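Structure record follows, encoded as structure tokens.
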Amino acid sequence: MVEQDVELARAVIQEDEVINDLRFAIEEACFTLLATQQPAASDLRTVVTALNIITDLERMGDYAKGIGQIVDPHRGRGRDAALTKDTAHGHLGL
């Protein structure tokens with residue numbers, strides 16, 4: 001964001017869809033494993049942990065995409081619009 005690397009921003013925006021697809025594929029595999037294998041306690045904790053991790057990673061991808069949209073004015077609001085003060089709410093309009 002500081003360097004305003006538009007090419008990198010566009011790559012991040014494009015790859016967000018890949019991250020989303022991977023999240024849903026891993027999630028589906030975990031649910032299939034739970035339904036068909038009925039894992040024991042330690043294995044169950046591993047699967048549940050994987051589900052939590054993929055949700056967090058997907059959210060980080062969404063945040064990165066949002067930053068990319070700020071950097072690339074053709075894909076989002078643009079940096080200047082993102083940093084304007086929202087006078088109705090008294091905070092930055094991010």
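Computed from a predicted model, the values in this text were never measured in an experiment. Below, each value reflects all heavy atoms present in this structure, side chains not excepted, and no hydrogens, waters or symmetry copies. Nothing fancy with the numbering, it's 1 onward along the sequence.
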Rounded to the nearest 0.5 Å, what separation is found between the NZ atom of Lys65 and the CG atom of Asp72? 12.0 Å
How long is the straight-line distance from CD of Glu28 back to CG of Leu33, given to the nearest 0.5 Å? 12.5 Å
With salt bridge (Lys or Arg N to Asp or Glu O under 4.0 Å) as the test, would you mind laying out the steps for Arg59 and Asp62 before giving the verdict? CA-CA 5 Å; Arg59 186 178 312 118; Asp62 290 343; over 6 Å; no
How long is the straight-line distance from CD of Glu15 back to CG of Leu22, given to the nearest 0.5 Å? 9.5 Å
Could you measure the distance from the CG atom of Asp16 to the CE atom of Met60? Nearest 0.5 Å is fine. 12.5 Å
Value for CG (Leu51) from CZ (Arg23), rounded to nearest 0.5 Å, stands at 9.0 Å
Which heavy atom in Ala9 sits nearest to a heavy atom in Gly68, and how many Å separate them? CB-O, 3.6 Å
How long is the gap from CD1 on Ile67 to CD1 on Ile13, to the nearest 0.5 Å? 11.0 Å
May I ask whether Ile26 and Val47 are part of the same hydrophobic cluster, defined by side-chain heavy atoms of I, L, V, M, F, W, Y residues being less than 4.5 angstrom apart, directly or through others? yes
Going by heavy atoms in the side chains, are Arg45 and Val48 under 4.5 Å from each other? no
Heavy-atom closest contact (Ile19 atom, Glu58 atom, distance): CG2-CA, 4.0 Å
